[in-house]
**Student:** 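The following block contains the structure, expressed as structure tokens.
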Amino acid sequence: MPKLTEDARAQLAASLPGWAMAEGRDAIRRAFRFADFSAAWGFMSRVALLAERMDHHPEWSNVYNRVEILLTTHDAGGLSEKDVALARAIDRLVP
């Protein structure tokens, strides 16, 4: 899987609102906030099932009602279309 082209990178802000370039990494990140731990954990469970189906797994963390997700394609050495596709799919899970 090749890394994203400069043209594709330039379109990320418009095509993935809420996602931003991760500082110091060739990756995108987004923070989510939920009503409580249970809602955050449920979201993470749905993302985990989605990631398994897509065979592309996020780097993430969870503290109580907050979930932070970072996407990069390790095999490509940075951002790829796999990250964009997973970010779009994750966004569809958010109410």
Side-chain angles (χ1 to χ4, degrees):
M1 171 76 44
K3 289 170 68 169
L4 289 181
T5 65
E6 290 304 316
D7 288 340
R9 288 166 184 275
Q11 298 172 14
L12 285 178
S15 67
L16 293 173
W19 293 85
M21 294 301 297
E23 190 174 323
R25 300 272 312 264
D26 189 18
I28 54 176
R29 62 170 297 283
R30 182 166 179 191
F32 299 88
R33 187 174 295 264
F34 298 92
D36 54 26
F37 178 76
S38 180
W41 189 265
F43 170 74
M44 290 179 71
S45 296
R46 291 187 299 280
V47 171
L49 294 171
L50 178 67
E52 274 295 298
R53 282 194 306 273
M54 295 178 78
D55 192 30
H56 190 54
H57 304 90
E59 294 179 27
W60 58 6
S61 66
N62 165 242
V63 177
Y64 183 59
N65 67 336
R66 298 182 318 267
V67 176
E68 291 192 23
I69 298 178
L70 184 131
L71 300 176
T72 190
T73 304
H74 297 108
D75 293 345
L79 277 173
S80 77
E81 186 55 42
K82 279 186 165 187
D83 303 304
V84 174
L86 183 54
R88 286 187 178 130
I90 289 169
D91 284 347
R92 287 191 292 272
L93 295 177
V94 180

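The chain is numbered in sequence order, starting from 1.
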**Student:** Determine whether E68 and R29 make a side-chain contact, defined as any pair of heavy atoms from C-beta on separated by less than 4.5 Å.
**Tutor:**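 They are in side-chain contact.
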**Student:** Should L71 and W60 be regarded as members of a common hydrophobic cluster, given that ILVMFWY residues are connected when their side-chain heavy atoms come within less than 4.5 Å of each other, either directly or indirectly?
**Tutor:**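 Cluster IDs for L71 and W60 match.
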**Student:** Measure up the F32 and W19 rings against each other and bin them: parallel (under 30°), tilted (30 to 60°), perpendicular (over 60°).
**Tutor:**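 Ring orientation of F32 relative to W19: perpendicular.
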**Student:** Is any side-chain heavy atom of H56 closer than 4.5 Å to one of D83?
**Tutor:**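 Heavy-atom side-chain distance check passes, below 4.5 Å.
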**Student:** Evaluate the side-chain proximity of D26 to R9: yes if any heavy-atom separation is below 4.5 Å, no if none is.
**Tutor:**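 A side-chain contact exists here, since the closest heavy-atom pair is under 4.5 Å.
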**Student:** Is there a side-chain contact between L79 and L12 (heavy atoms, below 4.5 Å)?
**Tutor:**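 They are in side-chain contact.
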**Student:** Please determine whether salt bridge (Lys or Arg N to Asp or Glu O under 4.0 Å) holds for the pair R30 and D91, giving the CA-CA distance in whole Å, both sets of side-chain angles, and the decisive distance to 0.1 Å.
**Tutor:** CA-CA 10 Å; R30 182 166 179 191; D91 284 347; 2.6 Å; yes
**Student:** Taking all non-hydrogen atoms of both residues into account, name the closest pair between S80 and P2 and its distance.
**Tutor:**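 Heavy atoms only, the tightest pair is CB-O, 3.4 Å.
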**Student:** Please indicate whether W41 has more than 12 foreign heavy atoms, meaning atoms of other residues, nucleotides or ligands, lying under 6.0 Å from its CH2.
**Tutor:**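 Counting neighbours around CH2 of W41, 12 or fewer heavy atoms of other residues, nucleotides or ligands fall under 6.0 Å, so no.
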**Student:** Would Y64 end up clustered with V47 when hydrophobic side chains under 4.5 Å apart are linked, directly or stepwise?
**Tutor:**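 Cluster IDs for Y64 and V47 differ.
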**Student:** Checking the side chain of N65 only, and the main-chain atoms of F34 only, is there a donor and an acceptor separated by less than 3.5 Å?
**Tutor:**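 Side chain of N65 to backbone of F34, a donor-acceptor pair under 3.5 Å: yes, one is there.
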**Student:** Count the heavy atoms belonging to other residues, nucleotides or ligands that lie under 6.0 Å from CG of D36, then report whether that count exceeds 12.
**Tutor:**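 Result for CG/D36: enclosed.
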**Student:** Taking M1 as the starting point, is it possible to reach M54 by hopping between hydrophobic residues whose side chains are less than 4.5 Å apart?
**Tutor:**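 M54 does not cluster with M1.
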**Student:** State, with a plain yes or no, whether a side-chain heavy atom of L50 is found less than 4.5 Å away from one of R46.
**Tutor:**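 Of all side-chain heavy-atom pairs linking R46 with L50, none is under 4.5 Å.
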**Student:** Are L49 and M44 linked, directly or through intermediate hydrophobic residues, by side-chain heavy-atom contacts shorter than 4.5 Å (ILVMFWY only)?
**Tutor:**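 No, M44 does not connect to L49 through the hydrophobic network.
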**Student:** In this structure, would I69 and L93 fall into the same cluster of hydrophobic residues linked by side-chain contacts under 4.5 Å?
**Tutor:**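 Same cluster.
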**Student:** Using side-chain contact (heavy atoms from CB on, under 4.5 Å) as the criterion, point out the one residue from L4, T73, L86 that pairs with E81.
**Tutor:**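 Single pass found, and it is L4.
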